Participant: 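Have a look at the structure that comes next, please.
Residue numbers start from 1 in every chain, and the chains themselves are labelled A, B, ... in the order their sequence lines are given, proteins ahead of strands. The basis for the numbers below is simple: all heavy atoms, side chains too, and nothing from hydrogens, waters or symmetry mates. What you see is a predicted model, and the numbers here were worked out from it, not measured in a lab.
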Amino acid sequence: MQSAGIFSSMRAIGIGLIGFLVVSAAAKAQTQQAADSPPWKQGMPAAIVDSKLAPIAPPPLPTPADKLPLDKLKVKDGFKIEVYAAGVPNARTLRLGDKGTVFVSSRVQDKVHAIVTKDGKREVKVIASGLHRPNGIALHDGTLYIAELSQISRIDKIEDNLDSPPKPTVILDGLPKDEPHGWKYLTVGPDEKLYFQVGAPCNICMPSDRHTKIYRVGLDGKGLEVYAHGIRQIVGMDWHPTLKQLYFSENSRDWLSEDVPEDKLNRVTQPGKDHFGFPYCHQGNFTDPEFGWGRSCSEFTAPVTLVGPHSAALGMKFYTDNGLGDDYRGVLFLARHGSWNRTVKVGGDVLAIKLNDDGTFRSMEPFMTGFIQDNNYVGRPVDVLPMPDGSLLVSDDFNGAVYRVSRAQ
Amino acid sequence: MSAAHSKPVVLILLYAWTSCAWAEALQERIAPCLACHGEHGQSAVPEVPSLGAQTSPYLLIQLFLFREKLRRHEIMNEAVKGFSDDDLRTFADALAKLPPPAPANEAADPARMARGQALVQQYRCNVCHAPDLAGREAVPRIAGQREDFLVKTLREYKTNQRPGYDASMGDVMQPIPDADIPDLAYFSARQ
């Protein structure tokens with residue numbers, strides 16, 4: 001069941017993802033073993049003694065423009081990569097203002113930056129500081145919304161005030177203050193409401209009533225309600241351009257095994273009701289060895305597709321332009337930050353995911369690769385942003401930079 | 001002596017003088033650090049960490065956090081105020097070269113050591129911090145660290161008082177009962 005699930009999710013992967021297919025084979029082997037004894041009992045102590053797996057902290061200082069790994073990063077034939085902006089510390093979420101300003105959030109630093117293009121030159125400005133994990137940002141009708149660890153605030157008419165922006169005005173506070181998975185992703189829905197998540201305050205645990213949920217709230221911070229249940233952590237959401245359903249990437253638990261569970265691409269089809277399984281069921285077909293007893297994965301909303309074990313699927317956007325060619329119109333670009341809890345790293349790329357007209361999974365292939373070299377990171381992609389000229393921006397929080405991918409000619 | 005000969009001599013002297021002066025200047029600037037953190041990498045001040053053989057990437061992150069006031073400590077915030085990025089790198093590299101602190105030397109209670117060792121394995125401290133707890137890259141050395149500092153820090157992570165740089169220690173400490181913290185610190189301080 002499980003290996004079939006992994007296999008089907010992998011069936012349409014492009015040839016560039018050969019490493020991934022090896023992973024899927026390994027996952028199959030793991031599954032056969034798992035039939036005999038629970039995975040957490042399988043030689044863990046012996047294996048772990050020599051393990052050197054640790055979360056990889058981004059350097060605090062951005063990489064100078066001339067030291068960025070441009071020669072290592074690859075896009076498919078017919079496309080090119082250039083540096084859009086360097087010196088954007090811990091560049092995370094990307095958002096575009098109506099007047100062309102690119103806004104960039106950070107997670108381990110306290111600032112939100114704006115990248116302004118003037119007379120062909122790009123300038124990086126601090127527009128808000130003293131924030132606590134301001135990972136989530138969204139723009140709507142000229143207003144910048146900032147989701148910090150435990151509150152959401154707004155700055156009106158931000159693009160008219162880039163040189164001396166006022167302090168953000170808090171519209172919602174009192175959210176849980178847990179540091180683990182406390183950073184937020186923020187998006188505005190077609191219903192003109194703010195959507196964000198409160199992740200699990202742990203790797204794996206029984207969460208409180210307030211955690212592991214997607215919430216929505218009015219642009220004034222009023223009318224908070226639960227939109228979905230049972231999510232572990234989310235760092236990427238976007239709205240399907242025609243179905244108007246919320247799609248999101250979800251990071252699965254660590255320390256269970258090298259290959260299981262995988263991160264997921266999900267969608268909400270029953271607002272307020274969907275439960276995505278945490279902490280009972282992972283990757284749609286695998287009950288948790290501790291919390292899953294007496295539960296079945298059939299109780300929960302199945303993922304759209306699986307996107308690799310520990311791969312840290314983060315920012316994602318539907319690309320509705322045709323500036324990258326007809327092949328890419330309507331695809332979902334998904335940045336995979338890359339694994340830490342895995343011996344052979346996976347991710348460190350941007351995937352192009354194609355969906356069927358009904359929103360189900362059709363295929364995926366790597367679009368931008370090269371962030372992993374010799375099993376080490378030379379950069380880590382976080383978010384993607386389609387631009388009005390048809391190009392695609394990609395943020396890199398490891399180097400504090402934003403790249404631009406466009407057609408080569 | 002002809003002018004042709006004197007030029008290299010002057011250059012050598014100039015180089016020796018500048019590198020010497022630079023080293024002296026650094027030594028002078030680093031002296032206040034060592035006054036609290038210990039001359040030889042070992043702190044004798046309660047709840048002030050030993051910095052000997054600490055990893056340079058970890059020191060750089062902490063110095064950066066102090067400068068940006070993302071880690072709040074009045075003395076440290078003041079100490080690195082106005083530091084340039086290069087200052088941060090220089091101090092991190094220089095402090096990392098101090099000798100490792102000696103393990104706490106009073107007779108260890110074997111029962112507590114055994115309990116601590118089991119907990120270190122159970123919670124996988126030794127995976128990120130390395131089997132000898134000497135740390136690597138951005139993961140700090142905790143071997144031979146002051147016991148009181150370790151207890152304080154682990155409690156701060158557990159209660160979200162110390163957010164940490166990327167929140168990974170908050171994640172780690174969430175399921176660990178407070179009662180296990182003293183034994184974890186006891187064992188680690190004696191490595």
Participant: With a 4.5 Å cut-off on heavy-atom pairs, point out which of A:Pro55, A:Pro60, A:Cys202 contacts chain B the most.
Facilitator: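 Top option by heavy-atom pairs under 4.5 Å: A:Pro60.
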Participant: Crowded around A:Lys125 NZ? As in, over 12 foreign heavy atoms under 6.0 Å?
Facilitator: yes
Participant: Within 45 degrees of the axis of the six-membered ring of B:Phe83 and under 6.0 Å from its centre: does B:Arg67 put its NZ or CZ there?
Facilitator: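 No, B:Arg67 and B:Phe83 do not form such a contact.
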Participant: Measure A:Cys205 against the heavy atoms of chain B and call it side chain, backbone, both or neither at under 4.5 Å.
Facilitator: side chain
Participant: With a cut-off of 6.0 Å (strictly less than), are more than 12 heavy atoms of other residues, nucleotides or ligands near CG of A:Asp209?
Facilitator: no
Participant: Counting heavy-atom pairs under 4.5 Å with chain B, which one of A:Asp110, A:Leu61, A:Asp178 comes out on top?
Facilitator: A:Leu61
Participant: Shorter than 4.5 Å, heavy atoms on both sides: which option in B:Arg89, B:Lys69, B:Glu137 has the most such pairs with chain A?
Facilitator: B:Arg89
Participant: Would you check, one step at a time, whether the test salt bridge (Lys or Arg N to Asp or Glu O under 4.0 Å) holds for A:Arg336 with A:Asp263?
Facilitator: CA-CA 10 Å; A:Arg336 299 193 305 170; A:Asp263 284 1; over 6 Å; no
Participant: Mark yes or no: B:Arg146 above the aromatic ring of B:Phe149, with NZ or CZ under 6.0 Å from the six-membered ring centre and no more than 45 degrees from the axis.
Facilitator: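 No - B:Arg146 does not lie over the ring of B:Phe149 by the 6.0 Å and 45° rule.
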Participant: Contact part of B:Ala138 toward chain A, heavy-atom cut-off under 4.5 Å: side chain, backbone, both or neither?
Facilitator: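 Looking at B:Ala138, just its side chain touches chain A.
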Participant: Can you tell which part of B:Pro57 gets under 4.5 Å to a heavy atom of chain A, answering side chain, backbone, both or neither?
Facilitator: neither
Participant: In terms of ring plane angle, is the pair A:Trp255 and A:Trp340 parallel, tilted or perpendicular, where the classes change at 30° and 60°?
Facilitator: perpendicular
Participant: Do B:Pro49 and B:Gln145 have side chains that get closer than 4.5 Å, going by heavy atoms?
Facilitator: yes
Participant: Check whether any side-chain heavy atom of A:Met206 sits under 4.5 Å from a side-chain heavy atom of A:Glu290, and report yes or no.
Facilitator: no
Participant: Would you mind checking which part of B:Tyr165 comes under 4.5 Å of any heavy atom in chain A, side chain (CB onward), backbone (N, CA, C, O), both or neither?
Facilitator: both
Participant: In terms of heavy-atom pairs under 4.5 Å with chain B, which of A:Leu53, A:Leu149, A:Ile204 leads?
Facilitator: A:Leu53
Participant: Under a 4.5 Å heavy-atom cut-off, does chain B meet the side chain of A:Pro58, its backbone, both or neither?
Facilitator: both
Participant: Under a 4.5 Å heavy-atom cut-off, does chain A meet the side chain of B:Leu70, its backbone, both or neither?
Facilitator: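 Contact with chain A is through the side chain of B:Leu70 alone.
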Participant: Could you have a look at B:Ser168, B:Gly164, B:Cys128 and say which one has the most heavy-atom pairs with chain A under 4.5 angstrom?
Facilitator: B:Cys128
